[in-house]
Amino acid sequence: MVGQAIRRVAKKSSRILLAICLLAGSIGAAGAAEAAGATTNTTSKQSSVFKDIGGHWAQKAIEAMVTQGILNGYPDGTFRPNEPVKVDQFIKMLVMSFSDLHPDQKRSWRSTFLDSLTEENRTILKQDYRYFDFKPALTGYWAKPYIDVASDLNFLNKSRYSDFQADMTRENVAEILFYTLQETEFLEDEQFSLSVASSYGDLMSANKREQKFIAESLIKGIMQGYPNGKFGVGQYVTRAESLVILNRLTDKTKRVPIQPQADKLQRLVPTIGGGQKIVAFPDKQMWEAYDTLLKAGQLRGSNYDLLDTTLRLFKDEKEKKAVLDSGSVSSSGTSSTAATEEAAIWLDPTYNTYGITVRLREGTLARNKESIELFANQLFTYDASTFRSFFTATCTEVEAGKLLTDKRKDVGDYTVNVLVDSAQKTIVFSIARKQG
């Protein structure tokens, strides 16, 4: 009996020892995963307090983002806010930032994020990532699920990274922000963005491509320069900074946007979805022409829409609703199955070009005569009557079914290039100041 008792104690001790070994292995694996940037499941108590963030400038942002499960701390109770963030860590945080954490610890894409995507990208998520669970891979490279989905949504180009465990530089972060904004929002006026970014002393140390990324991140108010007047090209982004940047990306109220300066011919213009962006105009005349667009639209009552630097004129409320519902922004005159406005008056600040597009449906010219004439009078001044005669004659010929080729005419200080789509009875008058 004594021998049996000894064997029972020995067997029990073996089970206890095995449990201790397994527990130690589990803790070690969790620590390694977190160091690599993978998210481990923790309770709110475990992830809400870190012993190394007290008084840190980003303490509130860190605690808020950690509560959302975007990134946890380390097993030793630290967050290490000043350590550089790794490429794979940042990509994981980017993906997680567009999701919500539910009480059952499961996650799902935010509805606002899904609404911001193109139909193509929504289809990719529905079909290719139907079972995406926002968790790291249990076999193979832990960050692969996050990198794959970000790449397929065109937030980044996987081939540009030779090492996803490298530290992120500020220009690396700006690049991912650029492509994410391109897919979820809109890009600002590039000419204006670069003009603002040029005030940073080290911008020229970045290549042309990187300058474009940096300029977009600055003008959106997602990234900022340093007090020394530099952007910090080549410097690494810390874990704390990355959380603040992603917070600004996903919450526009947290951004620090650049304000337009009227003395530099800058103004806010409306964008798709009710947003605004800053556009820099090349000269005073085009700056004033923008005001004329608004006045020209008001002549049509409520049957107009001003989007970016394009005034769209509609036949009636029914056509306006159809165009707005379709998301069509075309004013080029090219044929499309989507609903289109019957006329558009537009400005292109980048190329210092003005334009009028008309689709010759029944009554188009009569309904939009006053609006087009107001715009022409402001632009051509003393030569406005010459343009009106040329405009009317061209429209009359196309309405009559004559097959016109593209043509050109000088009117005062401007050259008017006419593009004609006879089949669609659409005419584009592109107007640019004479060279020389």
Side-chain angles (χ1 to χ4, degrees), residues 30 33-34 36-50 53 58-73 79 81 85-86 88-138 142-156 173 176-177 179-186 220-222 239-255 272-275:
E34 182 52 37
T39 300
T40 56
N41 290 328
T42 60
T43 65
S44 60
K45 289 183 180 179
Q46 289 175 315
S47 62
S48 61
V49 178
F50 301 107
I53 66 170
Q59 180 178 353
K60 289 184 178 180
I62 292 171
E63 292 177 340
M65 297 291 272
V66 169
T67 299
Q68 297 172 40
I70 305 302
L71 185 68
N72 295 333
F79 182 77
V85 67
K86 308 296 184 182
D88 49 14
Q89 290 178 353
F90 187 84
I91 294 172
K92 188 210 74 172
M93 289 190 294
L94 171 70
V95 172
M96 300 286 275
S97 294
F98 289 117
S99 69
D100 286 320
L101 179 64
H102 303 294
D104 61 359
Q105 297 303 301
K106 292 183 179 180
R107 307 191 77 93
S108 64
W109 297 110
R110 290 180 181 172
S111 59
T112 52
F113 171 66
L114 294 174
D115 291 341
S116 73
L117 297 176
T118 62
E119 185 61 37
E120 180 182 0
N121 275 350
R122 283 196 293 269
T123 300
I124 288 174
L125 291 182
K126 290 177 182 178
Q127 295 182 352
D128 300 346
Y129 292 92
R130 182 179 179 184
Y131 300 108
F132 185 70
D133 60 5
F134 300 91
K135 295 179 181 179
L138 298 180
W142 71 267
K144 185 178 184 300
Y146 308 111
I147 294 171
D148 285 348
V149 70
S151 177
D152 286 349
L153 293 176
N154 299 310
F155 293 174
L156 59 94
V173 169
I176 291 181
L177 291 177
Y179 288 114
T180 302
L181 289 166
Q182 184 171 259
E183 296 297 328
T184 59
E185 295 184 25
F186 59 87
K220 272 287 197 292
I222 298 175
R239 284 163 58 87
E241 289 173 336
S242 64
L243 289 178
V244 173
I245 288 170
L246 290 172
N247 197 13
R248 290 174 180 169
L249 172 65
T250 56
D251 185 350
K252 294 180 182 179
T253 65
K254 300 292 193 300
R255 296 181 185 180
I272 295 176

Open item on the list: Looking at every heavy atom in both P81 and I62, which two are closest together, and how far apart are they?
Closed with: CB-CD1, 4.0 Å
Task: Side-chain heavy-atom pair E183, S116 within 4.5 angstrom cut-off - done: no
Open item on the list: Once rounded to the nearest 0.5 Å, what's the spacing between atom CD1 of I176 and atom CZ of F155?
Closed with: 10.5 Å
Open item on the list: For a 4.5 angstrom cut-off between non-hydrogen side-chain atoms, does T184 reach F113?
Closed with: yes
Task: F98 and its side chain to side chain contact (heavy atoms under 4.5 Å, CB included) partner, picked from L114, T180, L153, L117 - done: T180
Task: Beyond-backbone contact of I124 with N121, side-chain heavy atoms, under 4.5 angstrom - done: yes
TODO: For K220 and E185, run side-chain contact (heavy atoms from CB on, under 4.5 Å): C-alpha distance rounded to whole Å, both residues' side-chain angles, the deciding distance at 0.1 Å, then the answer.
DONE: CA-CA 11 Å; K220 272 287 197 292; E185 295 184 25; 3.3 Å; yes
Task: Rounded distance [0.5 Å steps], CD in E120 versus CG in N154 - done: 7.0 Å
Open item on the list: Between M65 and L243, is the side-chain contact (heavy atoms from CB on, under 4.5 Å) condition met? List the steps.
Closed with: CA-CA 7 Å; M65 297 291 272; L243 289 178; 3.9 Å; yes
Task: R239 side chain to F79 backbone, donor-acceptor under 3.5 Å - done: yes
TODO: Calculate, to the nearest 0.5 Å, the distance between atoms CD1 and OG1 belonging to I245 and T250 respectively.
DONE: 12.0 Å
Task: Min side-chain heavy-atom separation L177-L94 under 4.5 Å - done: no
- [ ] Measure across A150 and I91 and return the closest heavy-atom pair with its distance rounded to 0.1 Å.
- [x] CB-CG2, 4.0 Å
Open item on the list: Measuring from atom CG of L156 to atom OG of S151, what distance do you get when rounded to the nearest 0.5 angstrom?
Closed with: 5.5 Å
Open item on the list: Using modelled atom types and a 3.5 Å cut-off, is there a donor and acceptor pairing between side-chain atoms of R255 and backbone atoms of R248?
Closed with: yes
- [ ] Start with the C-alpha gap between D133 and R107, add the side-chain angles, then the distance that decides, and say whether side-chain contact (heavy atoms from CB on, under 4.5 Å) holds.
- [x] CA-CA 7 Å; D133 60 5; R107 307 191 77 93; over 6 Å; no
Task: Y131 ring center near Y129 ring center (under 6.0 Å) - done: no
Task: Spacing of NZ belonging to K144 relative to CG belonging to D88, to within rounding of 0.5 Å - done: 14.0 Å
Task: Listed partners of E119 passing side-chain contact (heavy atoms from CB on, under 4.5 Å), at least two apart - done: R122, T123
- [ ] For A240 and A58, work out which heavy atoms get closest and say how close.
- [x] CB-CB, 4.0 Å
Open item on the list: To check you understand the geometry: which heavy-atom pair defines the closest contact between M93 and V85, and what is its length?
Closed with: CE-CG2, 3.6 Å
TODO: State, to 0.1 Å, how close K92 and I70 come at their nearest heavy-atom pair, and which atoms those are.
DONE: NZ-O, 3.3 Å
Task: Residue pair M96 / F134: nearest heavy atoms and the distance that separates them - done: SD-O, 3.6 Å
Open item on the list: Applying side-chain contact (heavy atoms from CB on, under 4.5 Å) to S242 and Q89, what does each step give before you reach the verdict?
Closed with: CA-CA 10 Å; S242 64; Q89 290 178 353; over 6 Å; no
- [ ] Indicate yes or no: at least one non-hydrogen side-chain atom of L125 is less than 4.5 angstrom from one of F132.
- [x] no
- [ ] Would you kindly check if the NZ (Lys) or CZ (Arg) of K135 is within the cone defined by 45 degrees around the ring axis of Y146 and under 6.0 Å from the six-membered ring centre?
- [x] no
Open item on the list: Between R110 (side chain only) and D100 (backbone N and O only), is there a donor and an acceptor less than 3.5 Å apart?
Closed with: no
- [ ] Ignoring hydrogens and angles, tell me if any N or O in the side chain of Q182 forms a donor-acceptor pair with the backbone of Y179 under 3.5 Å.
- [x] no
